[in-house]
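All remarks here apply to the structure that follows.
All of these numbers come straight from a predicted model, not from anything done at the bench. Chain identifiers are assigned alphabetically (A, B, ...) following the order of the sequence lines, protein sequences preceding nucleic acid strands; residue numbering begins at 1 within each chain.
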Protein chains: 2
Amino acid sequence: MNTMQFSTKERILGAAEMLFAQHGFAGASLRQVTSAANVNLAAVNYHFGSKENLINEVFRRRLDELNAQRLSTLRAAQAEANPRLEDILAAFIKPALALSLDRNGGGAFVRVLARAYAEHNESLRKFLSDNYGHVLKEFAAAFAALLPTLDKQELYWRLDIVSGALTYAMADFGVIKRRGAVSEQAHCELAAEHLIKFASAGLRER
Amino acid sequence: MNTMQFSTKERILGAAEMLFAQHGFAGASLRQVTSAANVNLAAVNYHFGSKENLINEVFRRRLDELNAQRLSTLRAAQAEANPRLEDILAAFIKPALALSLDRNGGGAFVRVLARAYAEHNESLRKFLSDNYGHVLKEFAAAFAALLPTLDKQELYWRLDIVSGALTYAMADFGVIKRRGAVSEQAHCELAAEHLIKFASAGLRER
DNA sequence: GCGCGTATCAAACGAACGTTTGAAGCATAA
DNA sequence: TTATGCTTCAAACGTTCGTTTGATACGCGC
C-alpha cells in the first residue's frame, strides 16, 4: 500500500514543473528534478520514457483543465441573453490568470507556459496548437459575433495582441510588484480587471 | 591585415545571437556557436572570457542603439507643439519593432530578448533594468503629462501591459503569419500601427 | 511458503558540456 | 633576422548530461 500523499509520478511532475519554470527545459537537469522530487534518477525514464516526454506530460496535466474551464465559462457567457464583450474576455483571461493561484504549483506552470511561447520549438508549438487550436477558434467566433463591423483579419490581429498581453501578465514579467498588503488572490483579480478593461477598449476601437 | 568583412568577435556575436534565439542560452552550446561562426572553440573564452559574458555582450551590442533611438525619437516628439499620445507610443514601439528588420540579425535578437524576459534570470533582469530603467521612467513621465487624469498606479499597470504586448509582437509569438505578398518591412509597420492604435485606446480608457 | 510483475535502487554508460593548455601562426618593430 | 604580442589551433581537462543496466525490494495471488 502506498500511504504517501503523492505518487512518484506526481512528485516528478511537480518538481519538473517548478524547475522548468526556474531554469528552462534545457537548463533543468533530470538530476535536479529527481533530487527535488526525492526519487531515484532512473525514475524519470522508467515512468516517462524520456525527458522530452516528461515535458509534454507537464503540459498535459494543466492544459486539459484550463482548456475545459475556458470553454465552459465561454459557453456560460454565451448562454446569457446579452453577453458583453467583457464577459467573453473574462472567459478567456480569468481561468488563465487563476491558474497562477492554483494551490499545487500552477504559478510555476504559467511561467513554464511563457517559456514554451518564448521557445519557438516546433514540436511544442504543435502540441499547444493541438490543445488550444479549437478553443481559440471558438473564442474568435464569439468575439466576431459581438464585433460585427470589425474586419476578420483585424480581429485576429487584436486577439493576438490580447494573447500576448495575457501571456505576459500571467508570467508576471512586468515591473509591477505586488504590495505586501495585497494578497495573491487580489493581485490576480486586479490584473484580470485591468487586462479586461484595456483589451475591451482595444477590441472595440474602430 | 584582416581582409575579412567580420572579425572573429563579430562572427561569434552574430552566431551566438542566432543560436540563443533558436535554442535558448542553456540550449545553445559553445561548440554550436563557434562552429556556426567558423572559428575555433577556444575563441569564445579567449575573446569573451566565459559563456555568461558572451551572453551579456550579445545584449549590449543591440540595447545601446535601441536605447538611444527610443529616447531621441521621444524627445523629437516632445519638441513638437502638441505631441499626441500616439507619437509617444510610436517612439516606444517603432524602434523596437524596427530592430526586427535590422539587416544583421536584429530579427534574431528580438527573440533573444523575449527569451530573456521569459527567463526570470535575476542577473539578466538587472542587466536589462540597468540599460532600460531610465528610458522607461522618461516614457512614463511623457505619458503622465498627456494623461493628467490617469492615476499613476493605473498608468504603470497599463504601460506594463503595453510592454507585454510589444515583447510578444516583437518575438512574433502569435498565430498571425505574414502573407507571402507582404514584405517584412510592411508587416512590421502594420504590427506597429495595430499595436499603437490598440494601446492608445487602452491607455485613454477612463 | 513460492512465483511474478511492478517499482526502486546504486552504478555505470557514452556523449556532450564549458573551460584550459601549450604549441603554432603571423603580423609588426627593432 | 630575430623578438614580441596578439590570435588561432588541436587536444585534452574534469564535469555533467540523458539514458541504460542488473540487482534488489515490495505487494499480492496462489
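- The CG-P distance, from A:Asn45 to C:dC9, rounds to 15 Å in whole Å.
- In this structure, A:Phe92 has its ring center at least 6.0 angstrom away from the ring center of A:Phe143.
- The interatomic distance linking A:Arg31 (CZ) with C:dC9 (P) rounds to 15 Å, in whole Å.
- Proximity note for B:Gln32 (side chain, C-beta onward) versus D:dT7, C:dC17, C:dT21: the nearest is C:dC17.
- Between B:Asn38 and A:Ser50, the residue anchored closer to the 5' end of DNA chain D is B:Asn38, taking for each the nucleotide with the nearest heavy atom.
- Look at B:His47 and you won't find any side-chain N or O under 4.0 angstrom from OP1 or OP2 of D:dC6.
- Residue B:Thr8 has its side chain nearest to D:dT8 when only D:dT21, D:dT8, D:dT19 are considered.
- Put simply, the side chain of B:Phe139 reaches to within 4.5 Å of the side chain of B:Ile88, judged on heavy atoms.
- Atom CG in B:Asn53 sits about 10 Å away from atom P in C:dT19, given to the nearest Å.
- Between C:dT19, C:dC9, D:dG18, one nucleotide has an atom nearer to the side chain of B:Leu41 than all others, and that is C:dT19.
- Atom CG in B:Leu54 sits about 10 Å away from atom P in C:dG18, given to the nearest Å.
- Taking only side-chain atoms of B:Ser29, from C-beta outward, the nucleotide of D:dG18, C:dC17, D:dT19 with the closest atom is C:dC17.
- Nucleotide D:dG18 holds its P atom 9 Å from the CZ atom of A:Phe20, rounded to whole Å.
- Per the geometry, CZ belonging to B:Phe25 stands 17 Å off P belonging to C:dC17, to the nearest Å.
- In this structure, B:Arg158 contributes its side chain and B:Glu205 its backbone to a donor-acceptor pair below 3.5 Å.
- Each of A:Ala43 and B:Lys51 was matched to the nucleotide of DNA chain C holding its nearest heavy atom; the match closer to the 5' end belongs to A:Ala43.
- The A:Leu30 side chain lies nearest to D:dG18 when the options are C:dT19, D:dT8, D:dG18.
- OP1 or OP2 of D:dA10 lies within a sub-4.0 Å distance of a side-chain N or O belonging to B:Asn40.
- No donor-acceptor pair under 3.5 Å is formed between the side chain of B:Arg11 and the backbone N or O of B:Val39.
- To the nearest angstrom, P of C:dG18 lies 15 Å from CZ of B:Phe48.
- Between the side chain of A:Arg115 and the backbone N or O of A:Ala21, at least one donor-acceptor pair lies under 3.5 Å.
- When distances run from any side-chain atom of A:Tyr46 to the nucleotides D:dT21, C:dC17, C:dT6, the shortest one goes to C:dT6.
- Rounded to a whole Å, the NZ atom of A:Lys9 is 11 Å from the P atom of C:dT8.
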